[in-house]
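Treat the numbers as computed from the prediction; the structure is a model and nothing was measured.
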Amino acid sequence: MELVVLPDEWKELLWARVETWEGKESKLRQERATALKTELASLKAKIDKINTAFAEGALGIEEFRELKNPLIPQKIDLEQQIAGLGNSTTNWLEPMKEWILEAIRGAKWLSEDNWLEMKSFLKKVGSNRLLGEQTLTVSFKEPWNLLAKTVSAARQRDEKNPLGYPLTLMCAREDSNLHGLLH
C-alpha cells in the first residue's frame, strides 16, 4: 500500500504544479473569452448594419437574406463558445486533483492503520490481489502503477544515496520525466 501513497514532499510539489496549471488555464480561458466577445461584438455590428440597411430600404429581401443568413449561425456558435467557457466547471485537471486527494487519503488510512479503508482503497487502485507467505501482492491499475514504480525507484535510489540528495520523480515510461513538471 505504501507504494501508492504520495510521499509528503511530493504532495506539495504536485499541488503547486496543479495550481500553476490552473492559473494558466484560467488565464487562457479568460483570454479566449475576451477574443470571442470581441468577435461577437463585431459580428453583431455587421448584423445591425444589415438590419438598418434593410429597414431603410437600401437592401431588398433577397440581398438581406443573402447577407444575414450566414451570420446567424456564426453568432449562435460564438455565443455557445462563450457560454461554454463561462460554465466550464470541469477541466482536464480535475482527474489529477482527485488522484492526488485519493493518494493523500491512502496515506492517512495507512498511518491510522485503518484496515477497512485500506482494503477498499486497494480494491479500487489494484487488481489481482494475492496474499501468500504473509505478503500481499497487488497489480496496480493506471495511474497507480506509475506511482508505485516511481515510489519504488525513489526508495531504491535513496537506499543507494544515504546522503539525502533531492528526490527526482521518474515516470514509468523511459522517455518521460516528471521532474521537469514539478520544478
Visitor: Considering residues at least two apart in sequence or located in another chain, which fulfil the ring pair (Phe, Tyr, Trp, His ring centres under 6.0 Å) criterion with Trp99?
Guide: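 Testing Trp99 for ring pair (Phe, Tyr, Trp, His ring centres under 6.0 Å), a comparison that skips the adjacent residues, returns Trp144.
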Visitor: Keeping the roles fixed (side chain from Ser26, backbone from Gly23), state whether a donor-acceptor pair exists under 3.5 Å.
Guide: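 No; zero donor-acceptor contacts below 3.5 Å.
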Visitor: Is there a path from Leu59 to Ile61 through hydrophobic residues (I, L, V, M, F, W, Y) whose side chains come within less than 4.5 Å of each other?
Guide: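 Yes, Leu59 connects to Ile61 through the hydrophobic network.
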Visitor: What's the separation between atom CG in Asn51 and atom CZ in Phe64, rounded to the nearest 0.5 Å?
Guide: 4.5 Å
Visitor: Just how far is it from atom CD of Glu19 to atom CG of Leu93, taken to the nearest 0.5 Å?
Guide: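 Output value for this atom pair is 11.0 Å.
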Visitor: Under the side-chain contact (heavy atoms from CB on, under 4.5 Å) rule, collect the residues that match up with Asp77, sequence neighbours excluded.
Guide: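 Residues passing side-chain contact (heavy atoms from CB on, under 4.5 Å) with Asp77: Gln81.
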Visitor: Once side-chain contact (heavy atoms from CB on, under 4.5 Å) is applied, do any residues pair with Ile100, and if so which ones, sequence neighbours excluded?
Guide: Leu6, Leu14, Trp15, Val18, Met96, Ile104
Visitor: Are Met118 and Leu116 in one and the same hydrophobic cluster, where Ile, Leu, Val, Met, Phe, Trp and Tyr link if side-chain heavy atoms are under 4.5 Å apart?
Guide: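 No: no chain of side-chain contacts under 4.5 Å links Met118 to Leu116.
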Visitor: Mind jotting down which residue pairs meet the salt bridge (charged side-chain N to carboxylate O under 4.0 Å, His left out) criterion with at least one end in residues 48-61? Sequence neighbours excluded, please.
Guide: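 The answer is none; no pair qualifies.
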Visitor: If you define the side chain from C-beta out and look only at heavy atoms, does anything of Leu110 sit under 4.5 Å from Phe121?
Guide: no
Visitor: Taking all heavy atoms of Ala33 and all of Leu85, pick out the closest pair and write down the distance.
Guide: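 Heavy atoms only, the tightest pair is N-CD1, 3.6 Å.
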Visitor: Which pairs would a plain distance check flag for residues 34-47, meaning a side-chain donor or acceptor within less than 3.5 Å of a matching protein atom at least two apart in sequence or in another chain?
Guide:
unit_1: Thr34; atom_1: OG1; unit_2: Gln30; atom_2: O; d: 3.0
unit_1: Thr38; atom_1: OG1; unit_2: Thr34; atom_2: O; d: 2.9

Visitor: Starting at CD of Glu22, measure out to CZ of Arg29 and round the result to the nearest 0.5 Å.
Guide: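 Result: 9.5 Å between the selected atoms.
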Visitor: Under 4.5 Å between side-chain heavy atoms, hopping through other hydrophobics if needed: is there a path connecting Ile82 to Leu28?
Guide: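 No, Ile82 does not connect to Leu28 through the hydrophobic network.
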Visitor: For side chain to side chain contact (heavy atoms under 4.5 Å, CB included), just list the numbers for Arg17 and Trp21, CA-CA rounded to whole Å, side-chain angles, deciding distance to a tenth of an Å, and then say yes or no.
Guide: CA-CA 6 Å; Arg17 178 51 69 182; Trp21 286 334; 3.3 Å; yes
Visitor: With a 6.0 Å cut-off (strictly less than), is the heavy-atom count around CD of Glu25, excluding the residue itself, greater than 12?
Guide: yes
Visitor: Which of these passes salt bridge (Lys or Arg N to Asp or Glu O under 4.0 Å) with Lys124: Glu117, Glu102, Glu98?
Guide: Glu102
Visitor: For residues 57-72, pull every pair meeting salt bridge (charged side-chain N to carboxylate O under 4.0 Å, His left out), keeping only residues two or more places apart or in separate chains.
Guide: Glu62-Arg65
